[in-house]
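Report on the structure given below.
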Amino acid sequence: MAAAYELRCRECGKRYANAPLSICDECFSPLEVVVDLDQARRTVTRASIAAGPSSMWRYQALLPVPDDYLPTTPAGWTPLLRAPRLAERIGARNLFVKNDAVCLPTLSFKDRVVAVALANAQAFGFDTVGCSSTGNLANAVAAQAARLGLKTYILVPADLEPAKILNTQVYGATLVRIDGNYDHVNRLCSQIADRYNWGFVNVNLRPYYAEGSKTVGFEIAEQLGWRLPDNVVVPMAGGSLIVKIRKAFRELIALGLVEEKEVRFFGAQATGCSPIAAAVKNGADAIEPQRPATIARSLAIGNPADGIYATRAIRQSGGWAEDVSDVEIVSAIQELAETEGIFTESAGGVTTAVTARLYAHGRIHPDDLTVACITGNGLKTTDVLHGAYEQHAAIRPRLGDFETYLAEREQNVGDEENELELGGAYVG
Ligand SMILES: *Cc1c(COP(=O)(O)O)cnc(C)c1O
Ligand SMILES: [Zn+2]
């Protein structure tokens, strides 16, 4: 059973029937999907959700997909893990990681948004779909469109990580590299979507796409035993994910599935592209666009579409935003891997480093139940660790050689530890 839903202007409230539209024709503000919660309240219970599939589609009744929609891609339902070893390092006592580094099918949370967007692309009759992307969205659209037999055009900034380019082309998508940054790419996609009548998941299908992010919030609440956390730390690119996790919590409260509670939202960005964090820190009501320069390419959106809504969500919730340097991002990728066995991409390094900073600065109380959202997989951004680990010369397969190797290694590790005692920790 699917939800009843329609489009509504976020600013003037004008209502629209379901269509591939993302901008209000009256006031040029973004449109958003509104799900009929009164109808959902009659059918959706904790038990009805628990009886659903082990994927984000267990929340189908709260997502904007057509009534008869039969999902083919089991995205989402990723682990929510306690992170005691990371917690100990950064001075936390009740820290969890929502691990979308292992979201299927393409190892980032973007699989969730694409699943909802493509369900609508099919309903609207598009035979060709696409997106503008900083990488993960490209992978998710290419894979899921292949499974649905849709033609796919994907536009990306030319400097994308090689793994993300390969992970798009392997599915047979047409990848168009643009000599420009994400904001240039996105503008071009709006023009293409109009001219060719294609379904661009984050342009004309954006209101539907964005609802897919609610499933991160639904899962966090259900996996905590139908409780809301005290704090959530969320990486921000366009600013949609953080807004939609908050919307998910509010919907669960409205449906009576969790107790009412104001969860604090903390936004994470890279200093080299931090227009939303800057607005939060400066108390500004508008986003000042930036020219991105960071290794966190999946977050490198200088003019974020939902930036102002993210800023408001953070402020209204009593949260905060922080940004961290590229050096801190790399250290944090290593720290999460070494403490919790989770290899995340640069965006996850941003989340981890910002989480550490928030505890260090007393913005989050050590006893609070805090969830850090890890949104992508480290195997896609191995280039950021280039040169971080040396390879020794291969040894012969003999015990004596191994013993020599071990003795030399212990000597080297001893030397390194002496050096480390002179250096500093990364938390700023
Ligand atoms: C796209 C992306 C984000 C941020 O998403 P927005 O909804 O645009 O803010 C975070 N992490 C990763 C890995 C992403 O690919
Ligand atoms: Zn309007």
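Numbers here simply count residues along the sequence, with the first being 1. We count ligands from 1, going down the list as the structure has it; atoms in each ligand are counted the same way.
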> Once you round to the nearest 0.5 Å, how far does OG1 of T73 lie from CZ of R112?
Replying inline: 13.5 Å

> Using 30° and 60° as the class limits, which term best fits the ring planes of F249 and F265: parallel, tilted or perpendicular?
Replying inline: tilted

> Which word best sums up how the rings of W198 and Y153 line up, parallel for under 30°, tilted for 30 to 60°, or perpendicular for over 60°?
Replying inline: parallel

>> Please identify which of these residues, E32, E219, E251, meets the salt bridge (charged side-chain N to carboxylate O under 4.0 Å, His left out) condition with K214.
In response: E251

> Is R227 salt-bridged to E259, going by a charged N under 4.0 Å from an acidic O?
Replying inline: no

> In terms of side-chain geometry, is the basic nitrogen of K247 or E211 positioned less than 4.0 Å from the acidic oxygen of its partner?
Replying inline: yes

>> N136 vs K380, test: side-chain hydrogen bond (donor to acceptor under 3.5 Å, both in side chains). Steps then yes/no.
In response: CA-CA 9 Å; N136 286 314; K380 296 195 194 186; 3.0 Å; yes

>> Keeping to distances under 2.8 Å, can you name the protein N/O/S atoms close to the Zn ion (ligand 2)?
In response: C9 SG, C12 SG, C24 SG, C27 SG

Ligand 1: which protein N/O atoms lie under 3.5 Å from its N/O atoms?
| from | atom 1 | to | atom 2 | distance (Å) |
| --- | --- | --- | --- | --- |
| ligand 1 | 7 (O) | S240 | N | 3.3 |
| ligand 1 | 7 (O) | L241 | N | 2.8 |
| ligand 1 | 8 (O) | G238 | N | 2.8 |
| ligand 1 | 9 (O) | A237 | N | 2.9 |
| ligand 1 | 9 (O) | G238 | N | 3.3 |
| ligand 1 | 9 (O) | G239 | N | 2.8 |
| ligand 1 | 9 (O) | S240 | N | 3.4 |
| ligand 1 | 11 (N) | T375 | OG1 | 2.7 |
| ligand 1 | 15 (O) | K110 | NZ | 2.8 |
| ligand 1 | 15 (O) | N136 | ND2 | 2.9 |

> With a cut-off of under 6.0 Å to the ring centre and 45° to the axis, is R10 in cation-pi contact with Y309?
Replying inline: yes

>> Please find the pair of heavy atoms, one from D323 and one from A277, that lie closest to each other, and give the distance.
In response: OD1-CB, 4.0 Å

